[in-house]
Amino acid sequence: MAIEIPGFEMAPAPTEALYEKENGQFDKGTTLGETVTLGSPEEKPTLGEGNKVSEANFPTNAVDEWPAPKRIHTFYIVKYRSYEDPSIKVKIEQADKEIQRRNLTKFQITETLREKRSERADLIAQLKALGVENRNFNIVLDEKKKDMEPLHEALGKLRHANTGGRGSGLCSSEEELNLLIQSLNYRIQHESIPLTEEKQLMRDIKQLEGTREKVIANAAMKAEVQKSVGEKEAIQDRVKLIGAGLDEVRKDQQVVKAKIKVLKEELEAMDAEIKSLQDELSNVIQKKDKAYETIQELRRKRDEGVQFLSLHSSLQH
């Protein structure tokens, strides 16, 4: 059953086929179910003559002389307008372009992030190598400082032995002590001095004699120090040599520390840039997801509109 839909076009109704008679006139063709009579009504065969029909009256080509009525096949083509809201179509196209643009931006940011992370890995590798070098410098410095400690102690002992404890009133040697006592006795014996001064000189001589044991002990310690660590000049030369080595190591270490400082600053800037790119990437992904949700919603609305139009047209017919 064909249905008519407003705005749609119906297929034309079937037409009756006309056939040409022998006299040149046209007649309507037979319809389905109608009996077709062979030959003319006047040429009815009589009994017994069925087998004696002349072959001249029998058609030589039944298809040509007795054509079957032409059948017309009817097709019903239903035309309907596809429902597509132009505004929704434009919005879908815009959302699709937005997704493509966000995908391109996402790809570019991802590639930039990959390059920045690679550069960051190189910076970290350089920092590790410089860190090892800096620690090696610290080990060398510690070893040289340990080598200098006994030398500084030896110089301190020599200094103490040479002064002989003069800050505490001790002579540097027993010989010096004897010479000092002799000079004081000479003044008492050969100079005209007041009695009070003479008594003071005698008290000084007695005090000096009381320091003799300490002076002798200091002299023995000085000899022992000089025997164990060498002369003062030799010790000082060794201290200067080690000190020069320390200065050279410190100088090289300062160069390494300067490089470490620069690399750390570059690493901090790189981390900040990577964080900014990650934030931008997250923002792009969110906007892309939102555009995808928008296009899904628009397609749903479009499909609902098509279904509504089809249902409405069916109800009218």
- Message: Assess the residue pair Asp96 and Gln100 against the criterion (side chain to side chain donor-acceptor pair (under 3.5 Å)); give the C-alpha distance rounded to whole Å, side-chain angles, the decisive distance to 0.1 Å, and a yes or no.
- Response: CA-CA 6 Å; Asp96 186 59; Gln100 294 178 6; 3.1 Å; yes
- Message: Going by side-chain contact (heavy atoms from CB on, under 4.5 Å), Leu298 matches just one of Glu93, Lys89, Lys91. Which one?
- Response: Lys91
- Only residue of Lys206, Arg212, Gln207 satisfying side chain to side chain donor-acceptor pair (under 3.5 Å) with Glu209 is Arg212
- Task: Let me see the working for Lys275 and Asp271 under salt bridge (charged side-chain N to carboxylate O under 4.0 Å, His left out), right down to the final yes or no.
- Result: CA-CA 6 Å; Lys275 184 180 182 303; Asp271 288 340; over 6 Å; no
- Task: Quick one: do Thr110 and Lys106 satisfy side chain to side chain contact (heavy atoms under 4.5 Å, CB included)? Show the steps, please.
- Result: CA-CA 6 Å; Thr110 303; Lys106 177 185 175 182; 4.1 Å; yes
- State whether the number of non-hydrogen atoms from other residues, nucleotides or ligands found under 6.0 Å of Glu115 atom CD is greater than 12. yes
- Task: Check Asn283, Asp289, Val284, Ile285 against Lys287 for a side-chain contact (heavy atoms from CB on, under 4.5 Å) and give me the one that passes.
- Result: Asn283
- Nearest-0.5 Å distance, CD1 of residue Ile295 to CD of residue Gln94: 10.5 Å
- Query: If you round to the nearest 0.5 Å, how far is CG of Leu141 from CG of Leu246?
  - Reply: 6.0 Å
- Item | Electrostatic pair Glu111:Arg114 at N-O distance under 4.0 angstrom | yes
- Query: Are Met270 and Ile124 linked, directly or through other ILVMFWY residues, by side chains that come within less than 4.5 angstrom of each other?
  - Reply: yes
- How many angstroms lie between atom CD of Glu149 and atom NZ of Lys144, to the nearest 0.5 angstrom? 14.0 Å
- Trace of the side chain to side chain contact (heavy atoms under 4.5 Å, CB included) decision for Leu281 with Leu277: CA-CA 6 Å; Leu281 179 61; Leu277 287 171; over 6 Å; no
- Item | Lys/Arg N to Asp/Glu carboxylate O, Arg250 vs Asp247, below 4.0 Å | yes
- Message: Do the side chains of Lys146 and Asp142 get close enough for a salt bridge, i.e. N-O under 4.0 angstrom?
- Response: no
- Show your working on side chain to side chain contact (heavy atoms under 4.5 Å, CB included) between Glu265 and Lys261 and close with a plain yes or no. CA-CA 6 Å; Glu265 292 175 353; Lys261 181 180 179 181; 3.6 Å; yes
- Message: If the threshold is 4.0 Å, N to carboxylate O, is there a salt bridge linking Arg187 and Glu198?
- Response: no
- Message: With rounding to the nearest 0.5 angstrom, report the CG to CG distance, Leu184 to Leu179.
- Response: 11.0 Å
- Message: Check this for me: Phe137, atom CZ, are more than 12 non-hydrogen atoms of other residues, nucleotides or ligands nearer than 6.0 Å?
- Response: yes
- Query: Would a distance-only check, ignoring hydrogens and angles, find a side-chain to backbone donor-acceptor pair under 3.5 Å from Ser276 to Ala272?
  - Reply: no
- Do Asp204 and Gln200 pass the side chain to side chain donor-acceptor pair (under 3.5 Å) test, and can you show the C-alpha distance, the side-chain angles, and the key distance before you say yes or no? CA-CA 6 Å; Asp204 292 341; Gln200 181 61 42; 3.2 Å; yes
- Any chance CD of Gln108 has more than 12 other-residue heavy atoms, nucleotides or ligands included, within less than 6.0 Å? yes
- Task: Give the cluster check for Ile188 versus Ile181: same hydrophobic cluster or not, with ILVMFWY residues linked at side-chain heavy-atom distances below 4.5 Å.
- Result: yes
